[in-house]
Amino acid sequence: IMKRILLCILSIFLFVGNLKSNESILEKLRPEYMKALHDCDFAPAVYEKFEAIENPSAKLLAYKGALEAIMTRTTWNVFKKIQYLNKSQKSFNKAIELEPNNVEVHFMRLSVEHEIPSYLGYSTHMKEDKEFVVKHIAQFNPLKMDRQILKEILAFVQKSGHFSKTEIMLFETVFAS
């Protein structure tokens, strides 16, 4: 019995340690992701860093999924583009499976699917993700994010055409806190 108790305690510490480790990795890689978002020349190197992460959290998988979508800009080969979109979709699905109530993960999938032409069939979750994000945005903690990233999120909300004026004001209120 004592061995089982010790094993359970050790497992809990390893799990909590992995969560903290994933958060610190994300804090370091988030600015690099933003560079890749604005300049796809950075995408392959940043993508390799995300690929190398063992046991990624839902957020890390979402960022990886977004990078996989960005990687479509690095090739002219249509088959490679489709391959990256398939990987992106799998990463987002796994992220949502791991943390179905994570606002950031749903928002990232929404913003990625917004950029993908709808005729390709990869933009199937936009309505549900938008509804989820609006419903749960009050639970989002903007203090954990860089101000520039919050500005980028707000710019998307304002310009995407997916959000009403009332919903935009809700985001502005949450981000101002």
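This is a predicted model, so every value here is computed, not measured. Starting from 1, each residue takes its place in the sequence as its number.
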Pairwise side chain to side chain donor-acceptor pair (under 3.5 Å) hits with a residue in residues 79-97, at least two apart: Glu68-Ser91, Asn86-Tyr122
Nearest heavy atoms of Ser160 and His114, plus distance in Å: O-CE1, 3.5 Å
Nearest atoms (heavy-atom pairs only) where Thr75 meets Asn77: OG1-N, 3.1 Å
Transitive ILVMFWY side-chain link Phe79 to Met71, under 4.5 Å: no
Heavy-atom closest contact (Ala66 atom, Met108 atom, distance): CB-CE, 3.7 Å
Side chain to side chain contact (heavy atoms under 4.5 Å, CB included) between His162 and Phe156, intermediate numbers included: CA-CA 9 Å; His162 296 291; Phe156 173 81; 4.3 Å; yes
Path from Met169 to Ile153 over hydrophobic side-chain contacts below 4.5 Å: no
Closest heavy-atom pair and its distance - Ala69, Val112: CB-CG1, 3.6 Å
Separation between CD of Glu104 and CG of Leu26, rounded to the nearest 0.5 Å: 6.5 Å
Distance, nearest 0.5 Å, that separates CG of Asp129 from CD1 of Ile96: 5.5 Å
Closest approach of Ser123 to Ile116 (non-hydrogen atoms, all atoms of both residues): OG-O, 3.1 Å
Side-chain ion pair, Lys127 and Glu131, N-O less than 4.0 Å: yes
Separation between CZ of Phe132 and CD1 of Ile137, rounded to the nearest 0.5 Å: 10.0 Å
Hphob cluster co-occupancy, Leu110 + Phe140, side-chain heavy atoms under 4.5 angstrom: yes
Ring pair (Phe, Tyr, Trp, His ring centres under 6.0 Å) pairs, two or more places apart, involving residues 45-78: Tyr33-Tyr63
Reported NZ-to-NE2 distance for the pair Lys130 and His106, which is rounded to 0.5 angstrom: 15.0 Å
Nearest-0.5 Å distance that lies between atom NZ in Lys135 and atom CG in Asn101: 9.5 Å
Criterion salt bridge (Lys or Arg N to Asp or Glu O under 4.0 Å) on Lys59 and Glu27, from CA distance to verdict: CA-CA 11 Å; Lys59 285 183 190 178; Glu27 285 176 29; over 6 Å; no
Side-chain heavy atoms of Lys35 within contact of Val46, under 4.5 Å: no
Criterion side-chain contact (heavy atoms from CB on, under 4.5 Å) against Leu60, the qualifying member of Leu98, Val105, Ile25: Ile25
Minimal non-hydrogen separation, Thr74 against Cys40, with atom names: CG2-O, 3.6 Å
Glu167 side chain to Ser164 backbone, donor-acceptor under 3.5 Å: yes
Any residue meeting ring pair (Phe, Tyr, Trp, His ring centres under 6.0 Å) with Phe92, in chain and number order, not counting sequence neighbours: none
same_hphob_cluster(Phe163, Leu150) at 4.5 Å side-chain heavy-atom cutoff: yes
Salt bridge Arg109-Glu128, side-chain N to carboxylate O under 4.0 Å: yes
Beyond-backbone contact of Lys64 with Leu67, side-chain heavy atoms, under 4.5 angstrom: no
Straight-line distance of Leu154 CG to Phe171 CZ, nearest 0.5 Å: 8.5 Å
Trace of the side chain to side chain contact (heavy atoms under 4.5 Å, CB included) decision for Leu29 with Lys49: CA-CA 8 Å; Leu29 290 180; Lys49 291 177 182 180; 3.8 Å; yes
